[in-house]
Amino acid sequence: MNNYIATGRVATTPKFGTTQNGTSKLTFTFIAGSRIKEGENYLSFSVQAVIYGKPAETLYDTLSKGSPLSLAGDLGTRSYEDENGEKKYFTFLLVDKYDYGESLEMALMRKNKNQKALNEEEQNFPPVGRDMDDYINE
């Protein structure tokens, strides 16, 4: 039996979807510090977190990149062959417990702020076919 428990942050924008049988699924990269030192710096641990069911739906509504979070669950490793036939390994954390590292209000504010920044970023690209100098001089 393995049990991984860590406090860290959501490192990527959470992705929500469903499995083939319709179960909700949430995935994101989770990063946590460690006590392992390399030179003067401490190493960090990054893992793909996977959450299923109602917890996936709840977390999707509140989590965003940068959200502090404590997670507990089982570490798993799957193998696959890449396009060159080489065997590769994929490690993931199957989350069964979580705890927010901030209040619900702060989590929602962070999510709204991140979503607003994404929307503004999408709108800041110059229209296709226009010269960049024309766009800058507006």
Side-chain angles (χ1 to χ4, degrees):
M1 176 171 162
N2 81 59
N3 192 26
Y4 177 79
I5 301 171
T7 299
R9 290 193 178 262
V10 176
T12 59
T13 301
K15 293 184 179 117
F16 184 81
T18 56
T19 63
Q20 290 178 347
N21 67 6
T23 303
S24 299
K25 177 182 177 182
L26 184 68
T27 60
F28 55 89
T29 301
F30 180 74
I31 192 163
S34 79
R35 295 178 295 177
I36 302 170
K37 250 185 146 175
E38 187 172 273
E40 295 298 314
N41 299 317
Y42 289 94
L43 298 179
S44 60
F45 179 75
S46 174
V47 67
Q48 188 73 17
V50 182
I51 304 168
Y52 292 100
K54 184 65 175 166
E57 297 169 18
T58 301
L59 283 173
Y60 180 68
D61 289 339
T62 54
L63 285 188
S64 62
K65 185 176 178 180
S67 295
L69 198 60
S70 293
L71 298 178
D74 291 335
L75 282 176
T77 301
R78 293 207 170 112
S79 64
Y80 64 95
E81 285 189 15
D82 69 7
E83 61 276 355
N84 299 324
E86 284 187 51
K87 194 169 192 175
K88 301 282 184 174
Y89 296 92
F90 175 76
T91 300
F92 61 96
L93 174 64
L94 181 58
V95 177
D96 57 18
K97 295 179 183 173
Y98 65 88
D99 191 19
Y100 293 99
E102 62 190 357
S103 68
L104 180 59
E105 292 80 17
M106 289 298 294
L108 293 173
M109 284 176 43
R110 179 189 309 277
K111 183 161 180 115
N112 288 336
K113 181 181 173 186
N114 285 348
Q115 188 59 47
K116 183 179 176 187
L118 276 175
N119 291 341
E120 288 175 0
E121 188 176 294
E122 291 172 4
Q123 296 172 3
N124 285 335
F125 291 109
V128 174
R130 290 187 63 190
D131 189 337
M132 185 60 104
D133 290 335
D134 292 340
Y135 182 75
I136 293 172
N137 292 328
E138 285 184 346

Quick one: salt bridge (charged side-chain N to carboxylate O under 4.0 Å, His left out) partners of K54, sequence neighbours excluded? E57

Cluster membership besides L108, Ile/Leu/Val/Met/Phe/Trp/Tyr side chains within less than 4.5 angstrom, sorted by chain and number, is L104

Let me confirm one number: the CG-CG distance from D99 to L69, rounded to the nearest 0.5 Å. 8.0 Å

Could you list the cluster mates of I36? Members are the ILVMFWY residues connected by side-chain heavy atoms closer than 4.5 Å, either directly or through other members. L43

Side chain to side chain donor-acceptor pair (under 3.5 Å) partners of residues 58-67, not counting sequence neighbours, each pair once: T62-Y100, S64-N114

Could you tell me the separation between the CG atom of L63 and the OG1 atom of T13, rounded to the nearest 0.5 Å? 11.0 Å

Name all pairs fulfilling the ring-ring contact (aromatic ring centres under 6.0 Å, His included) condition that reach into residues 17-52, sequence neighbours left out, sorted by first residue then second. Y4-F45

Could you give the side-chain donor-acceptor pairs of residues 79-88 under 3.5 Å, partners two or more places apart or in another chain?
from: D82; atom 1: OD1; to: N84; atom 2: N; distance (Å): 2.9
from: D82; atom 1: OD1; to: G85; atom 2: N; distance (Å): 3.1
from: D82; atom 1: OD1; to: E86; atom 2: N; distance (Å): 2.9

Quick one: list whatever passes side-chain contact (heavy atoms from CB on, under 4.5 Å) with M106, sequence neighbours left out. E102, S103, M109

Taking side-chain hydrogen bond (donor to acceptor under 3.5 Å, both in side chains) as the test, write out the residues that go with T7, two or more places apart. S70

Scan for side chain to side chain donor-acceptor pair (under 3.5 Å) pairs involving residues 25-40, sequence neighbours excluded, and state none if there are none. T29-Q48

Residue set satisfying side-chain contact (heavy atoms from CB on, under 4.5 Å) with N21, at least two apart, ordered chain then number -> T19, T23

Under the side-chain hydrogen bond (donor to acceptor under 3.5 Å, both in side chains) test, residues paired with S44 that sit two or more places apart: none

For F92, check ring pair (Phe, Tyr, Trp, His ring centres under 6.0 Å) against everything at least two apart and list the hits. none

